[in-house]
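Keep in mind that what you see is a predicted model, and the values were worked out from it rather than measured. These values consider heavy atoms only, across backbone and side chains, with no hydrogens, waters or symmetry-generated copies. In what follows, every chain begins at residue 1, and chains take the letters A, B, ... in the order their sequences are listed.
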Amino acid sequence: MKPAIPKGTRDFSPAEMAKRNFIIDVIRSVYNSYGYRQIETPAMENLATLEGKYGDEGDQLLFRILNSGLKNVQHSVKISDIAEKGLRYDLTVPFARYVVMHRHEIMFPFKRFQIQPVWRADRPQKGRYREFVQCDADVIGSDSLLNEVEMVLMINEVFAQFGFKIKLLVNNRKILSAIAEAIDQPDKITDLTVALDKLDKTGTDKVVDELTSKGFSPGSVQKLLPLFKVDESLNSKIHFLNSFLSGSETGRKGIEEIETLFRTLAELGVSSELLKLELTLARGLNYYTGAIFEVKLNDPRSAFPGSLLGGGRYDDLTGIFGLPSVSGVGISFGIDRIYDVMEELNLFDQIPYTTSSTQVLFVNFGEKEACHCLQLLSHIRKKGVHAELYPDPAKMKKQIGYADANRIPYVVLIGSEEIQSGLLTVKTMLTGVQEKLSLDDFIKRLTE
RNA sequence: GUGAUUGUAGCUCAGGUGGUUAGAGCGCCAGAUUGUGGCUCUGGAGGUCGCGGGUUCGAGUCCCGUCUUUCACCCCA
């Protein structure tokens, strides 16, 4: 049979892994430095845990796992009768489940991070995969807006290390639901936000069309129009919202949250170039209730479409699992998209990463010589040098070619002559220069 | 889920209107160099033309189906 992998999945070669690990290491070290602690959860969850958390669209995109032991399946069976598990769709919902299950051993507020693959049964396309890795950080059990502030700081710290420019879009679900109230369509928040989200892409006419087709009355659409004409500046947006949402308690709270967040960040010197209040930012996931975040590429060298990060506050995700009124905020980096952007902009060239960490290759001249090398190897590894012995007594051309192909900087040759003299013949691959060194002198050179 | 698009050697790609034995570059292997990589030269291996069916005397080429690739919509990291 012909080898193949499922649609939308990928293999990663050593060179690709080195680059992926570079990205992950940056994120992990920032998470660590802010006090987040790592957990993992299973690839699969019970469908009951997953379903209904991501909207109708999200439910469609869940990978469901067929129950084991099934023999024949009739056409008329219900999915719930043949599948009770599914691959996780994100890391936030499994985390909420984790928090509820482990509530007695958790000290709140709980700051955790998690770096694992997730799966979505989407049609693959640019920047979209069926299996991809998310890097999440969440704080659960704290209402403080300082957590939102911290999320933004981490976002900036991480992206500052990648070599491309981004824009961090911020909005607040409370404001969005207050807008829905203000135009007398409080029950249509989802339709409203989905339509609003397309404003910058398709323009006001298309948004109006979509709202009308979704059953918004002409009167409510009329009421919405001023929103499209607000000035870009933060102050004029806030000013507009204050009057537009004056009658709404949630609207007032949302504006207050936004103001606090932006004020604190300004005091911390977070550039307003990076940060933008985007009133049309919606985000499809159902569970967000407060701040919402999204990072887009903002670099003249590329027009990469998708978002590189998403996140927000969810006030009651644990409620469904039986632990009400515990609020959390979180963010999620999409490393596959960050990788694509860095690859497109050739940014990996300027960044230190290695495909192989081997510093020395010992050439294999035969059983006796190899055995001698093994003893030297264990000594030199204890000194912290990364070294390997070629496994077969192959031709020199082959063995040195192996060092060349793997960019191993030094080759050590130990034949009968070297065993007798006790000196190593060391070849520096870059220059081709060859010299006789004692083991200690060689180690000294490598560890200096 | 809707609409397009792609598939020929390990990789990148050629193969007018169907017609002998399907090509190139790069890579790979071997030799020139029996203890020496990159550069050069010489030689060699490697292809069910994505898969299945159809039209035809004859299909890499035309038709249908299917899978895959890429892209847009939807939605999202």
### Task
Please work out whether the ring planes of A:Y402 and A:Y390 are parallel, tilted or perpendicular, with thresholds of 30° and 60°.
perpendicular
#### Entry: Partner nucleotide of B:C28 by Watson-Crick or wobble geometry (both distances under 3.5 Å)
B:G44
### Query
Does a side-chain N or O from A:Q125 land closer than 4.0 Å to OP1 or OP2 of B:A72, or not?
yes
#### Entry: Rounded distance (Å) that lies between atom P of B:U33 and atom CD of A:Q399
21 Å
### Query
Does B:C57 have a Watson-Crick or wobble partner in any strand here, with both distances under 3.5 angstrom, and which is it?
B:G19
### Distance, P atom - from B:U69 to B:C11, rounded to whole angstrom
15 Å
### Task
Classify the nucleic acid contact of A:Y129 as base, sugar-phosphate or nothing, counting any heavy atom under 4.0 Å across all strands shown.
base
#### Entry: Distance, rounded to the nearest Å, where A:I400 contributes CD1 and B:U33 contributes C1'
13 Å
### Task
Have a look at A:I331 and say if it touches a base, only the backbone sugar-phosphate, or nothing, with a 4.0 Å heavy-atom cut-off.
nothing
### Query
Within this structure, what is the NZ-to-P distance between A:K7 and B:C71, rounded to whole angstrom?
12 Å
## Note on the structure
To the nearest angstrom, the NZ-P distance between A:K436 and B:G35 comes to 15 Å
### Message
Both conditions, 6.0 Å and 45 degrees, for the charged tip of A:K188 above the ring of A:F216: are they met here?
### Response
yes
### Message
Whether the side chain of A:R128 and the base of B:C75 hold a donor-acceptor pair under 3.5 Å is what I'd like checked.
### Response
yes
### cation_pi(A:R112, A:F95) dist<6.0 Å, angle<=45
yes
### Task
Just call it for A:K198: base, sugar-phosphate, or nothing, with non-hydrogen atoms closer than 4.0 Å on any strand.
sugar-phosphate
### Message
Mind checking if A:Q434 touches a base, just sugar-phosphate, or nothing, with heavy atoms under 4.0 Å?
### Response
base
### Message
Heavy atoms only, 4.0 Å cut-off, all strands: where does A:L413 land among base, sugar-phosphate and nothing?
### Response
base
### Query
For B:A30, does either OP1 or OP2 sit under 4.0 Å from a side-chain N or O belonging to A:K397?
no
### Message
Students often get this wrong, so: under 4.0 angstrom with heavy atoms, is A:F365 touching a base, only sugar-phosphate, or nothing?
### Response
base
### Task
Could you tell me the separation between the CD atom of A:E417 and the C1' atom of B:U36, rounded to a whole number of Å?
14 Å
## Note on the structure
Between A:G401 and A:T9, whichever has its closest RNA chain B nucleotide further toward 5' is A:G401
### Task
Please confirm whether A:R120 makes a cation-pi placement over A:Y89, using NZ or CZ under 6.0 Å from the six-membered ring centre and within 45° of the ring normal.
yes
### Task
Using a heavy-atom cut-off of under 4.0 Å over every strand shown, decide if A:G311 touches base, sugar-phosphate, or nothing.
nothing
### Pair A:K85 + A:E45: basic N to acidic O under 4.0 Å
no
### Task
For A:G58, report the nucleic acid contact type (base, sugar-phosphate, nothing); a contact means any heavy atom under 4.0 Å.
nothing
### Task
Report which part of the nucleic acid A:E210 touches: base, sugar-phosphate, or nothing (heavy-atom distance under 4.0 Å, all strands).
nothing
### Task
Measure from NZ or CZ of A:R10 to the centre of the six-membered ring of A:Y129, then state whether that distance is under 6.0 Å and the direction lies within 45° of the axis.
yes
#### Entry: Residue A:K395, side-chain atoms from C-beta onward, closest of B:C73, B:G31, B:G35
B:G31
#### Entry: Donor/acceptor link under 3.5 angstrom from A:R123 side chain onto base of B:G3
yes
